[in-house]
Peer 1: 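Below are the structure tokens for one structure; questions will follow.
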Amino acid sequence: MIKLDFHPAGRHFLQIPGPSPVPDRILRAISYPTIDHRGPEFGALGLKVLAGIKKVFKTQHPVIIYPSSGTGAWEAALSNTLSSGDIVLMYETGHFATLWKKMAEKLGLKPEFLGSPGSDGWRHAVSAQRIEERLRADSGHAIKAVCVVHNETSTGVTSNIAAVRRAIDAANHPALLLVDTISGLASIDYRHDEWGVDVTVSGSQKGLMLPPGIGLNAVSPKAIEASKTAGLRRSFWDWTEIIEMNKTGYWPYTPNTNLLYGLSEALDMILDEGLENVFARHQRLAHACREAVRAWGLEIQCADTDAYSPVLTGVMTPENMDADVVRKTVYERFNMSLGTGLGKVKGRMFRIGHLGDCNDLTLMAALAGCEMGLRLSGVRLAASGVTAAMDYLVSPAGSSALKAVA
Ligand SMILES: *Cc1c(COP(=O)(O)O)cnc(C)c1O
């Protein structure tokens, strides 16, 4: 039996790419007393978080906050905009893209899966060119939506959403653009309005540094228009009533009050640091992490050098080494959790999360745990990744990358 009160000395290193560690400030905010969700105080909280979250999505349009996991927000995006039998173009970047596609099938949509990964597995970003070619061929406009994962958390590959927008425009195609940035929001630059995204799906437990339990949909006017005729059945997920009641800061049902306290605190932290500084911090730590992996002589799962994720790094283990053995060693010896390989890449790679409430020393400790765990597991390393990462962090390049704006 697992003993939930087991508490080894020091803190647990939660270095999975979500849930990410929740800062004490946010935990304290979550512990405020639960209030009347129809009372006057609540409306002020509701209006604050609804306005703040728009800044993070870079949108002027409504953002819907659900008491749900990210998976629920996926369903909300599809069911509010599409009808049974609609063809949707999805893109196989990895495990999460595959799960979203399976959901589309279950909901009665007809997903077409582009980008079959070929012999080298899930290692690439979305090809906007392939999307453009497919849309050009669809002269009858049978395709109703293009669905892509911005930051593929199973592999550590980030796709260029602006390029996908340009591809849709170049093909002069009316399809909606639906984007999952569940693990990208508040960690990687994201521009819902500028990139013409119709529905952006996100969640609380990654870059927003909250516990799991909030699902998000940022919606465009075109998406709201589509929802008026979208035929898929929905009730709980329906945007209409929520958007209407949100105007005064309330919800049609009981929202997760305490997580909204946490969201309010998280927004203060992120917006005080400055979104661009938050993004630069993630880029810099990710760069240091890749320096470590290269020094070890191991391969980075992402094979496109312009698509490295600022959120996590996928590390491939040598052919004869089960990545889950390394993870188990690291967990048992150093009390650190690393992300497992999901789906097709199970056992072939592990994932180091460097998102949310992460700084130089958090990353260095995580890398030290990885390096010791790899050595204990019998992986022969070319050199010390810890030293390589430190060298980068204190180098002029690593120092000047500290802030986006001086
Ligand atoms: C975490 C994640 C999900 C799933 O979110 P849940 O909160 O676990 O339902 C979906 N897509 C991506 C890209 C994710 O990182």
Side-chain angles (χ1 to χ4, degrees), residues 14-22 56-57 64-79 88 90-104 106-107 111 113 115 122 124-126 147-161 164 177-188 190 192 197 199-218 236-237 256 259 262-263 266 282 286 301-302 307-314 337-345 349-356 358:
L14 186 65
Q15 298 300 136
I16 57 175
S20 66
V22 182
V56 181
F57 280 100
I64 289 107
I65 303 177
Y66 294 106
S68 78
S69 80
T71 303
W74 263 349
E75 179 160 345
L78 298 174
S79 69
V88 292
M90 302 182 105
Y91 204 102
E92 185 174 357
T93 43
H95 186 67
F96 286 102
T98 305
L99 290 179
W100 202 12
K101 180 206 162 227
K102 283 185 182 153
M103 172 186 275
K106 282 190 199 162
L107 291 174
F113 220 14
W122 288 332
H124 301 283
V126 168
C147 305
V148 291
V149 175
H150 177 218
N151 186 67
E152 179 51 79
T153 324
S154 63
T155 57
V157 177
T158 306
S159 289
N160 185 338
I161 302 305
V164 174
L177 174 57
L178 275 46
V179 178
D180 165 349
T181 192
I182 295 181
S183 65
L185 192 77
S187 297
I188 313 173
Y190 192 85
H192 178 85
V197 181
V199 189
T200 301
V201 178
S202 197
S204 54
Q205 75 271 30
K206 300 185 180 170
L208 289 174
M209 307 178 287
L210 296 166
I214 288 179
L216 300 158
N217 274 181
F236 177 76
W237 302 116
N256 35 15
L259 279 181
L263 177 58
H282 281 77
Q301 176 71 21
C302 177
Y308 289 134
S309 172
V311 167
L312 75 143
T313 302
S337 294
L338 295 169
T340 187
L342 294 166
K344 285 184 192 174
V345 290
M349 53 105 70
F350 63 88
R351 297 171 296 147
I352 306 172
H354 30 73
L355 68 158
C358 189

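These numbers were taken from a predicted model, which means no experiment stands behind them. Just follow the structure's listing: the first ligand is 1, and inside any ligand the first atom is 1.
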Peer 1: Answer with yes or no whether the side chains of D180 and W74 bring together a donor and an acceptor at under 3.5 Å.
Peer 2: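 Checked: W74/D180 side chains pair up, N/O donor to acceptor below 3.5 Å.
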Peer 1: Can you list the atoms of ligand 1 that are under 4.0 Å from a heavy atom of S69?
Peer 2: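 The list of qualifying atoms is 6 (P), 7 (O), 9 (O).
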Peer 1: Which of the atoms in ligand 1, numbered in the order shown and given with their element, are less than 4.0 Å from a heavy-atom of T71?
Peer 2: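 Going through ligand 1 atom by atom, the ones under 4.0 Å from T71 are 5 (O), 6 (P), 9 (O).
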Peer 1: Is it the case that the side chain of S159 and the backbone of A125 share a donor-acceptor pair, with hydrogens and angles ignored and the cut-off at 3.5 Å?
Peer 2: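 Absent.
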Peer 1: Nearest non-hydrogen contact with atom 12 (C) of ligand 1 belongs to which option: D180, N151, I214?
Peer 2: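 That would be D180.
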Peer 1: Using distance alone, decide if ligand 1 has a nitrogen or oxygen within less than 3.5 Å of any nitrogen or oxygen in G70.
Peer 2: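 So ligand 1 has an N or O lying under 3.5 Å from an N or O of G70.
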Peer 1: If I apply the N/O under 3.5 Å rule, does W74 come out as touching ligand 1?
Peer 2: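 By distance alone, the answer is no.
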Peer 1: Hey, which atoms in ligand 1 end up nearer than 4.0 Å to a heavy atom of K206?
Peer 2: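 Numbered from 1, ligand 1 contributes 1 (C), 2 (C), 3 (C), 14 (C), 15 (O).
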Peer 1: For the residue pair T181 and H150, confirm or rule out a side-chain donor-acceptor distance under 3.5 Å.
Peer 2: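 Present: a donor and an acceptor within the cut-off.
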Peer 1: I'd like to know if W100 contacts ligand 1, where contact means a heavy-atom distance under 4.0 Å to any ligand atom.
Peer 2: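 Per 4.0 Å heavy-atom rule, W100 does not contact ligand 1.
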Peer 1: Taking the six-membered ring for Trp, are H192 and F57 parallel (under 30°), tilted (30 to 60°) or perpendicular (over 60°)?
Peer 2: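 Correct class here is perpendicular.
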Peer 1: Using 4.0 Å as the upper bound for N to carboxylate O, is an ion pair formed by E75 and K106?
Peer 2: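 So K106 does not pair with E75 through a salt bridge.
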Peer 1: Are W122 and E92 close enough that a side-chain donor and a side-chain acceptor fall under 3.5 Å?
Peer 2: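 Indeed, the side chains of W122 and E92 share at least one donor-acceptor pair under 3.5 Å.
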Peer 1: Just to be sure I'm reading this right: ignoring hydrogens, which of H95, Q205, H150 gets closest to atom 8 (O) of ligand 1? Compare them by their nearest heavy atoms.
Peer 2: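 Result: the heavy atom closest to atom 8 (O) of ligand 1 is in Q205.
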Peer 1: On the six-membered ring of F96, is K102 placed so that its NZ or CZ lies under 6.0 angstrom from the centre and within 45° of the ring axis?
Peer 2: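 Not satisfied by the 6.0 Å and 45° rule.
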Peer 1: So for E152, does at least one of its heavy atoms come nearer than 4.0 angstrom to any atom of ligand 1?
Peer 2: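 Distance cut 4.0 Å: E152 fails for ligand 1.
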Peer 1: Any atoms of ligand 1 less than 4.0 Å from a non-hydrogen atom of T153? List them with their elements.
Peer 2: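 In order of numbering, the contacting atoms are 12 (C), 13 (C), 14 (C), 15 (O).
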